[in-house]
Amino acid sequence: MTKLVAIVNVIAWSGFWAFGYLALTAEGLTDGQLVVAAILAFAGMVTGLLAYMRLVRASEESGYARKSNQLDAATRERAQSEGSGT
């Protein structure tokens, strides 16, 4: 499943760059064509970001990457209450 998400990630970012480049630099396109290129570029960006975040989560769960250093709610509240007394 991770390989499929990685392939989707590459295709999505490729679409983002290709259609984004068309939307920004193409001459002689109608307004409708520019809007379609911009929408496809945006869709590629959103899909690429979601796929990337899913890959990051999968790599943390598999042990390939370190987990983020986030505190649980109780520890965070205790640290804030101790630090606000100054």
Side-chain angles (χ1 to χ4, degrees):
M1 186 66 168
T2 305
K3 288 182 182 182
L4 178 64
V5 174
I7 291 169
V8 169
N9 188 22
V10 170
I11 292 171
W13 282 115
S14 298
F16 166 72
W17 287 110
F19 289 110
Y21 181 78
L22 280 176
L24 292 176
T25 62
E27 295 179 11
L29 294 180
T30 65
D31 289 340
Q33 290 171 327
L34 287 174
V35 169
V36 169
I39 290 171
L40 288 173
F42 180 74
M45 181 187 71
V46 170
T47 306
L49 284 173
L50 292 175
Y52 178 75
M53 290 301 166
R54 187 164 175 147
L55 286 172
V56 168
R57 183 179 301 155
S59 67
E60 286 178 351
E61 290 173 356
S62 70
Y64 186 72
R66 286 190 328 201
K67 292 190 182 246
S68 58
N69 293 328
Q70 292 183 346
L71 299 174
D72 60 348
T75 307
R76 186 175 54 246
E77 289 297 325
R78 184 175 45 83
Q80 286 181 348
S81 66
E82 290 175 1
S84 63
T86 57

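All residue numbers refer to positions in the sequence shown, counting from 1.
- Of all heavy-atom pairs spanning Gln33 and Thr30, the tightest one is OE1-N, 3.0 Å.
- Minimum interatomic distance between Ser59 and Ser62 (heavy atoms only, all atoms of both residues): O-OG, 3.2 Å.
- The hydrophobic clustering, which links ILVMFWY residues whose side-chain heavy atoms are closer than 4.5 Å, places Trp17 and Leu24 apart.
- Heavy-atom minimum distance, Val5 versus Ala51: CG1-O, 3.6 Å.
- Between Tyr21 and Thr25, the closest heavy-atom pair is O-OG1, 2.7 Å.
- Residues Phe42 and Phe16 fall within the same hydrophobic cluster, defined by Ile, Leu, Val, Met, Phe, Trp and Tyr side chains chained together at heavy-atom separations under 4.5 Å.
- Contact record, Gly48 with Ala12: N-CB, 3.5 Å, taken as the closest heavy-atom pair.
- To the nearest 0.5 Å, atoms CZ (Arg54) and CG (Asn9) are separated by 12.0 Å.
- Here the closest non-hydrogen pair linking Ala37 and Ala23 is CB-CB, 4.0 Å.
- Placement of Val8 and Tyr52 in two distinct hydrophobic clusters is found when ILVMFWY residues are connected by side-chain heavy-atom separations under 4.5 Å, directly or transitively.
- Both Val46 and Leu49 are part of a single hydrophobic cluster, where members link through side-chain heavy atoms under 4.5 Å apart.
- Hydrophobic cluster membership differs between Leu50 and Val10, with clusters built from Ile, Leu, Val, Met, Phe, Trp and Tyr side chains linked at under 4.5 angstrom.
- Of the charged side-chain nitrogens involved, at least one lies within less than 4.0 Å of a carboxylate oxygen, so that Arg78 and Glu82 count as a salt-bridged pair.
- Between Thr47 atom OG1 and Leu40 atom CG the span is 10.5 Å, to the nearest 0.5 Å.
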